[in-house]
Each structure stands twice: as structure tokens, then as C-alpha cells.
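Values reported hereafter were calculated over all heavy atoms of this structure, with side chains retained and with hydrogens, waters and symmetry mates removed.
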Amino acid sequence: MSVDNGAATGQSVLARIAKRNQDRQAKEQKRKLAIAREQEIAGESVSDFTAKLTKMRLKVESSLDPKEIKKVKKVDLPQYFDAVVSAICDIQRYAADSYFFLPPYEVQQAFLTVSKLQSSLTAAKAQFCPRRKFRFTKRIKKKGITKAEKIRDPKASASGEAESESTMLTIQAKSECKLTISKEDLKNNTNVKITKITSSEVYILQAISTLRLTDLKSTTVYVGPVSGPIYVERCQDCTFFLACRQLRVHETHACSFYLWVSSKPIIEDCSSIGVGIYTVDYPLKEKHFKAGGFNEGVNYWDKVQDFNWLKQQQSPNWHVIKKEETKSPPSLINSHQ
């Protein structure tokens with residue numbers, strides 16, 4: 001009797017193992033079919049992506065070869081490096097746009113390639129086009145009103161962007177104030193960095209190329225369409241209204257994002273992230289969307305990819321904001337341009 005029970009138990013265990021294997025194989029097959037459909041829609045495969053990325057990488061590496069740089073006249077070096085910056089941004093944008101059909105490893109390798117090229121660019125500029133460090137600031141006379149402070153930020157590229165140092169506008173170390181970046185503040189700047197801001201409101205309703213938001217606390221940020229990527233790092237208890245081609249969020253917690261994004265947003269080492277639809281409106285919004293090359297019918301606001309959560313189930317680190325909890329921009333926003 002005991003022998004029969006043991007055999008039945010063994011068969012039951014084997015049956016469960018076999019069923020789990022079948023389920024696993026079915027899920028894997030379903031995943032492969034989904035990737036294949038995405039590749040068919042995109043008209044591109046992983047091998048095509050790798051080949052094109054390699055070609056773009058080799059072109060940038062060739063431009064950063066000291067032998068090639070020495071052929072350029074010193075007066076033309078800034079323009080030469082700006083072209084390299086643009087090429088790196090193209091690689092970054094291409095990787096972001098292809099994210100939806102790439103395996104996680106290929107995505108990580110693509111962004112690692114971008115990071116290495118940015119480091120090489122920074123080293124080449126330091127060698128062939130060095131600049132003296134300087135800082136320019138203004139005292140704020142009116143309480144609660146702050147103008148943009150134009151300063152050079154030599155560490156920007158090393159921390160993840162390919163922005164030109166000569167076109168970086170940085171605002172930092174402010175608390176309990178209202179920051180409005182006007183067209184006059186930007187001048188020739190196309191890249192903006194906002195860092196170490198607490199309990200404030202930030203308005204950037206201008207056409208810019210890239211935006212980095214770091215170390216913000218209890219702050220609300222309103223941004224018009226950004227033609228390139230937006231990076232958010234080490235922020236807490238903040239609300240962001242953002243429109244961009246690519247969004248990457250790192251080490252950020254308890255924040256709400258109202259998004260219009262042309263590729264799937266990426267989060268890493270984050271928690272309690274809420275997402276909703278971008279609702280900012282202002283007179284030049286439509287013009288800025290067209291200038292940035294946006295397709296207003298494409299918005300991946302709720303297609304968040306969590307690099308710390310590779311399971312098929314929904315990541316616990318982000319959620320869609322409930323309708324009753326959705327925040328709307330103030331009507332006064334039209335005056336912040």
C-alpha cells in the first residue's frame with residue numbers, strides 16, 4: 001500500500017514539473033512572437049539594429065581619433081565637436097526609439113556604447129579645446145523670484161549627456177522660490193540642467209534640446225517639448241510635467257510624472273513612481289511640438305520599462321495615477337514664458 005502511494009506521489013510531482021516546463025515554454029514562445037511582431041512593425045531586426053549602431057559608433061570613434069582632430073583648425077574645433085555631440089545624440093535617440101523590440105542586454109550595451117563615446121568626447125575636448133573654469137551668478141533682489149544663472153558645467157557630459165559645454169545653462173542650489181527660464185535666459189543655450197532645488201516651482205516653456213533634473217525635493221517642474229532626452233536623477237516627492245523624445249529616471253522616489261514621450265520611459269533604482277498624461281498648455285506649445293519633430297499621435301506615457309524588473313508581470317515600482325488623483329497645471333502657466 002505504501003509503495004503504491006509513493007509511486008502516485010512521484011507521478012504527481014513529475015506531472016507538475018512537466019506542466020511548469022510547458023507553461024514556461026509557452027510563455028517564452030509568446031514572448032518571441034511578440035518581439036517578432038514588433039520587429040515586423042519596425043521593419044528592423046536585432047541584427048539590423050546592431051549593424052547600424054556599429055556603423056554609427058565607428059563613425060564617431062573615427063571623429064574622436066587624435067589624428068583626425070589634429071587636421072582641424074583650432075578656430076573650427078568648437079563646431080567640429082558640436083557635430084560629434086550631435087552624432088552621439090543620434091545614437092542615443094536611435095537606441096531609445098528601438099527599445100521596444102530589443103532584448104534587455106542589447107539595450108544595456110547600446111547605452112553603454114553611448115556612455116563610452118561621451119567619455120571619449122569629454123577627454124578629447126579637454127585635450128584639444130581646454131577652457132578655463134569660471135562661474136557667473138546674480139544675486140536675487142526680489143524675494144521668491146529667481147532668474148536663470150548661466151554657468152559652465154564641465155562635469156555634465158561625464159554624468160550621462162552629450163551636451164556641448166558651451167551651450168549648457170545650469171540652475172542650482174535654490175529653495176522655496178519660483179524659477180522661470182525665459183528665451184532671454186537661454187540665448188544660445190540648448191541644454192539645461194536644474195539641480196539641488198527644494199520646495200520650488202520651475203517653468204521651462206521654451207524650445208530646448210536636452211534637460212537634466214537632479215537632486216530635486218518637493219518641487220514641481222513644468223516643461224515644454226524637449227527635442228532630445230530628459231534625465232531625472234535622485235529626486236524625491238516631486239511632480240514633473242514633461243514632453244520629450246526619451247525619458248530616463250534613476251534613483252528617484254515618490255514622484256509623479258505627467259508625460260508626452262516618443263519612446264518608452266525607462267526607470268532604474270526607483271520606487272513609488274506615478275505616471276499620467278501630459279496636460280501642459282501654453283501659446284507656443286504647438287509650435288514647439290512641430291519644431292521638435294513630435295508626432296502628437298504617439299505617446300508612450302504608460303509604457304514604462306523598469307530595468308530592475310525583468311519579469312512579465314507589472315513592476316511594483318511604478319503605477320498609473322488614478323483619475324481622481326491626477327494633478328492639473330495651473331491656469332497661470334500661460335504667463336511663465
Checklist entry - Is the backbone N or O of Leu259 less than 3.5 Å from a side-chain atom of Asn299, with the two atoms forming a donor-acceptor pair by type? => result yes
Next on the checklist: Under 4.0 Å between a side-chain nitrogen and a carboxylate oxygen: does that hold for Asp215 and Arg234?
Outcome noted: yes
Item to check | Contact summary for Ser209 and Ser227, nearest pair of heavy atoms | outcome: CA-OG, 3.4 Å
Checklist entry - side chain to side chain contact (heavy atoms under 4.5 Å, CB included) with Lys322: which residues, sequence neighbours excluded? => result Glu324, Glu325
Checklist entry - Can Trp260 and Phe289 be said to form a side-chain contact (heavy atoms from CB on, under 4.5 Å), step by step? => result CA-CA 10 Å; Trp260 196 291; Phe289 260 98; 3.9 Å; yes
Next on the checklist: Using every non-hydrogen atom in the two residues, find where Thr279 and Lys327 come nearest and quote the distance to one decimal.
Outcome noted: OG1-O, 4.4 Å
Checklist entry - Quick one: are the ring centres of His250 and Tyr231 less than 6.0 Å apart? => result no
Next on the checklist: How close do Ser218 and Cys238 get, counting heavy atoms only, and between which atoms?
Outcome noted: N-SG, 3.6 Å
Checklist entry - Given Ile266 and Val249, is the side-chain contact (heavy atoms from CB on, under 4.5 Å) satisfied, shown in steps? => result CA-CA 6 Å; Ile266 296 172; Val249 185; over 6 Å; no
Checklist entry - Looking at CD of Gln246 and CD1 of Ile230, how far apart are the two atoms once the value is rounded to the nearest 0.5 Å? => result 10.0 Å
Next on the checklist: Using only atom types and a distance under 3.5 Å, with no angle test, would you say the side chain of Gln314 pairs donor to acceptor with the backbone of Trp318?
Outcome noted: yes
Item to check | Those residues that, when tested against Glu251, pass salt bridge (Lys or Arg N to Asp or Glu O under 4.0 Å) (two or more places apart) | outcome: none
Next on the checklist: Nearest 0.5 angstrom please: Thr219 OG1 to Gln236 CD, how far?
Outcome noted: 11.5 Å
Checklist entry - What are the two closest non-hydrogen atoms of Leu211 and Val223, and how far apart are they? => result CD2-CG2, 3.7 Å
Next on the checklist: Run the ring pair (Phe, Tyr, Trp, His ring centres under 6.0 Å) test against Trp301 and tell me which residues pass, sequence neighbours left out.
Outcome noted: none
Checklist entry - Between His288 and Tyr282, what is the ring plane arrangement, given parallel below 30°, perpendicular above 60°, and tilted in between? => result tilted
Item to check | Residues His253, Ser272; criterion side chain to side chain donor-acceptor pair (under 3.5 Å); working and verdict | outcome: CA-CA 6 Å; His253 309 280; Ser272 301; over 6 Å; no
Checklist entry - Are Tyr278 and Tyr258 close enough that their ring centres sit under 6.0 Å apart? => result no
Checklist entry - Between Ser263 and Arg245, is there a donor-acceptor pair closer than 3.5 Å when you use the side chain of the first and the backbone of the second? => result yes
Next on the checklist: Given 3.5 Å as the limit, does a donor-acceptor pair link the side chain of Tyr80 with the main chain of Ser63, or not?
Outcome noted: yes
Checklist outcome for this item: When rounded to the nearest 0.5 Å, the distance separating CG of Leu216 from CD1 of Ile197 is 6.5 Å
Checklist entry - Yes or no on side-chain contact (heavy atoms from CB on, under 4.5 Å) for Ile194 and Val221, after CA distance, side-chain angles and deciding distance? => result CA-CA 10 Å; Ile194 309 293; Val221 181; over 6 Å; no
